[in-house]
Chemist: 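Here it is, the structure, as structure tokens.
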Amino acid sequence: MASQNGSVLMRVLVTGGSGLIGKAIEQVVMRDGEKREGEQWIFISSKDADLLDLEQTRAVFEKHRPTHVIHLAAKVGGLYLQMRENLHYLRDNLRINDNVLWTAHEMGVTKVVSCLSSCIFPDKTTYPIDETMIHLGPPHESNYGYSYAKRMIDVQNRAYFAQYGHRYTAVIPTNVFGPHDNFNEAEGHVLTAIMNKTYKAKRNNTTLNVWGSGKPLRQFIYSMDIGRLIVWVLREYDEVDPIILSVGEEDEVSIRQAVEMIAEALEFKGQIEYDTSLSDGQLKKTATNAKLRRYLPDFTFTPFREAVKLTCDWFVKNYDHART
């Protein structure tokens, strides 16, 4: 992707650019030295265009004329919010994804990398999960709306390749967390919601109440690691088939272990209670990163305890303007 005369050879439009993964990619590319000569990176958010609206989607593509797209924009939320609003998550995400992919096709975009989620996999399955198993049964009933909408990106990618030869693809991260995440207790993902609860419990000298039993197992991945991997996928990964981006199976931890590490990072010494009357969601969704390791056998992930500490430190430092 080098340029002889400083001209732009690759113009990358990142939708959802102000979110958790978008901010991580911006950090990796713009401040950590991953940007290459001849590349231009544009990060947009819902302030720039409502991607639920096809005309606004077309207008922002016309404005920036991307050659490549990293599609991160989505209607997202925590487990309990999705349980209440499955229909809205289904309809909104179907529209966003269709608008982005169709506009990319209309504008002649070379490559689109979309972001799926490990929650798309079947609820009743064998472990570890791999990339071939996405459509082998219904997802967990708690967030089926979001899950089916995300699955349809994979269906669309295959259809765009079959009909037009486009190499649109998708990544499937496991549970991502890090700076710029949504730390809201009701709408945020599990780790960052617990970080906020722990911070408040320490400040107010109260008990830390954790929703669920703490037993579910998850593979957590630091957002900066995902940022580096998605940049690699954009430049080097040529398959239409999706690829799981995850730490290894051996790095799986329980919610209870994660809570203890958060308490340690935030120096919370109070009592921790688990509210078992509330849903745990899926007890496990262990994924294999064997495909990723075939491509990148030497990629080094940030250790979980270190990533928790980095995220907690960022949250405390940026509490006044973090999403809470």
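Note that the numbering runs from 1 along the sequence shown for the chain. Values below: every heavy atom of this structure, side chains too, minus hydrogens, waters and symmetry copies.
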Chemist: Establish whether Val190 and Ile272 are linked, either directly or via other cluster members, by ILVMFWY side-chain heavy-atom contacts under 4.5 Å.
Modeler: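 Yes, it is one cluster - the side chains of Val190 and Ile272 are joined through contacts under 4.5 Å.
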Chemist: Under 4.5 Å between side-chain heavy atoms, hopping through other hydrophobics if needed: is there a path connecting Val253 to Val308?
Modeler: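 Yes; tracing contacts between hydrophobic side chains, which count when under 4.5 Å, links both residues.
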Chemist: Counting C-beta onward and ignoring hydrogens, is there a side-chain heavy-atom pair between Leu9 and Thr67 closer than 4.5 Å?
Modeler: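 No, their side chains stay 4.5 Å or more apart.
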Chemist: Could you tell me which non-hydrogen atom of Leu116 sits nearest to which non-hydrogen atom of Pro173, and how far apart they are?
Modeler: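 It is O-CD, 3.4 Å.
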Chemist: Please give the remaining members of the hydrophobic cluster of Leu90, linking ILVMFWY side chains under 4.5 Å, ordered by chain and number.
Modeler: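 Under the 4.5 Å side-chain rule, Leu90 groups with Leu94, Tyr144, Tyr148, Met152, Val155.
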Chemist: List the steps, then state whether side chain to side chain donor-acceptor pair (under 3.5 Å) holds for His71 with Thr15.
Modeler: CA-CA 5 Å; His71 175 38; Thr15 73; 2.8 Å; yes
Chemist: Please report the closest heavy-atom contact between Val69 and Leu234, naming both atoms and the distance.
Modeler: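 The pair with the smallest heavy-atom distance is O-CD1, 4.3 Å.
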Chemist: Determine whether the side chains of Asp251 and Gln219 contain a donor N or O and an acceptor N or O closer than 3.5 Å.
Modeler: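 No, no side-chain donor-acceptor contact under 3.5 Å.
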Chemist: Determine, step by step, whether Glu252 and Thr286 satisfy the side chain to side chain donor-acceptor pair (under 3.5 Å) criterion, reporting the C-alpha distance in whole Å, the side-chain angles of both residues, the deciding distance to 0.1 Å, and the verdict.
Modeler: CA-CA 8 Å; Glu252 197 170 50; Thr286 315; 2.6 Å; yes
Chemist: Side-chain heavy atoms under 4.5 Å apart, restricted to Ile/Leu/Val/Met/Phe/Trp/Tyr: what other residues fall into the cluster of Val240, or is it alone?
Modeler: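 Other cluster members: Phe161.
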Chemist: What residue pairs, at least two apart or across chains, pass side-chain hydrogen bond (donor to acceptor under 3.5 Å, both in side chains) with a residue in residues 52-61?
Modeler: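 Listed by first then second residue: Glu55-Arg58, Arg58-Glu106.
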Chemist: Which pairs, with at least one residue in residues 294-321 and sequence neighbours excluded, count as a salt bridge (charged side-chain N to carboxylate O under 4.0 Å, His left out)?
Modeler: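 Qualifying pairs, neighbours excluded: Glu264-Arg305, Lys309-Asp313.
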Chemist: With sequence neighbours excluded, give me every side-chain hydrogen bond (donor to acceptor under 3.5 Å, both in side chains) pair touching residues 167-182.
Modeler: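 Output for this query lists Thr174-Ser246, Asp181-Thr192.
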Chemist: Taking a hydrophobic cluster as the set of Ile, Leu, Val, Met, Phe, Trp and Tyr residues connected by side-chain heavy atoms closer than 4.5 Å, whether directly or through intermediates, do Val12 and Val233 fall within one such cluster?
Modeler: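 Yes, Val12 and Val233 fall within the same hydrophobic cluster.
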Chemist: Are any of the side-chain nitrogens in Lys291 or Glu239 under 4.0 Å away from the carboxylate oxygens of its partner?
Modeler: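 Yes, this pair counts.
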Chemist: side-chain hydrogen bond (donor to acceptor under 3.5 Å, both in side chains): which pairs involve residues 197-208, sequence neighbours left out?
Modeler: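 Residue pairs passing side-chain hydrogen bond (donor to acceptor under 3.5 Å, both in side chains), neighbours aside: Glu185-Lys200.
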Chemist: Using the side chain to side chain contact (heavy atoms under 4.5 Å, CB included) rule, take Arg65 and Arg11 through it: C-alpha gap first, then chi angles, then the decisive distance, then the call.
Modeler: CA-CA 8 Å; Arg65 305 300 303 187; Arg11 187 177 292 105; 4.3 Å; yes
Chemist: Taking only residues two or more places apart in sequence or in another chain, which ones pass side-chain contact (heavy atoms from CB on, under 4.5 Å) with Arg95?
Modeler: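 Arg95 satisfies side-chain contact (heavy atoms from CB on, under 4.5 Å) with Leu52, Asp92 once adjacent residues are dropped.
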Chemist: Does anything in residues 208-228 pair up under salt bridge (charged side-chain N to carboxylate O under 4.0 Å, His left out), and if so which pairs, sequence neighbours excluded?
Modeler: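 Sorted pair list: Asp225-Arg228.
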Chemist: Which pairs with one or both residues in residues 117-136 pass ring pair (Phe, Tyr, Trp, His ring centres under 6.0 Å), sequence neighbours excluded?
Modeler: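 Listed by first then second residue: nothing to list.
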Chemist: Taking C-beta and beyond as the side chain, do Leu266 and Val316 meet within less than 4.5 Å on heavy atoms?
Modeler: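 Side chain of Leu266 against side chain of Val316, heavy atoms only: contact under 4.5 Å found.
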Chemist: So does Glu236 have more than 12 non-hydrogen atoms from other groups sitting under 6.0 Å from CD?
Modeler: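 Correct, the count exceeds 12.
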Chemist: Looking at every heavy atom in both Asn143 and Cys119, which two are closest together, and how far apart are they?
Modeler: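 Closest heavy-atom pair between Asn143 and Cys119: ND2-CB, 3.4 Å.
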Chemist: Going by side chain to side chain donor-acceptor pair (under 3.5 Å), name the residues that satisfy it together with Arg31, two or more places apart in sequence or in a different chain.
Modeler: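 By the side chain to side chain donor-acceptor pair (under 3.5 Å) rule, Arg31 matches Gln27.
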Chemist: Checking side-chain contact (heavy atoms from CB on, under 4.5 Å) against Ile172, which of Ser117, Cys115, Pro242 comes through?
Modeler: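 The residue from Ser117, Cys115, Pro242 that satisfies side-chain contact (heavy atoms from CB on, under 4.5 Å) with Ile172 turns out to be Pro242.
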Chemist: Scan for salt bridge (charged side-chain N to carboxylate O under 4.0 Å, His left out) pairs involving residues 141-164, sequence neighbours excluded, and state none if there are none.
Modeler: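 Sorted result for residues 141-164: Asp154-Arg158, Arg158-Asp241.
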Chemist: Can you list every pair that meets ring pair (Phe, Tyr, Trp, His ring centres under 6.0 Å) and has a residue in residues 286-309, with sequence neighbours left out?
Modeler: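 Every pair satisfying ring pair (Phe, Tyr, Trp, His ring centres under 6.0 Å) with a residue in residues 286-309: Phe177-Phe304, Phe220-Phe304, Trp232-Tyr295, Tyr237-Tyr295, Phe299-Phe301.
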Chemist: Is it the case that one hydrophobic cluster holds both Leu72 and Trp41, taking links as side-chain heavy atoms less than 4.5 Å apart, direct or via other members?
Modeler: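 Yes; tracing contacts between hydrophobic side chains, which count when under 4.5 Å, links both residues.
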Chemist: For residues Ile244 and Ile134: do they belong to one hydrophobic cluster (side chain heavy atoms under 4.5 Å, members Ile, Leu, Val, Met, Phe, Trp, Tyr)?
Modeler: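 Hydrophobic grouping puts Ile244 with Ile134.
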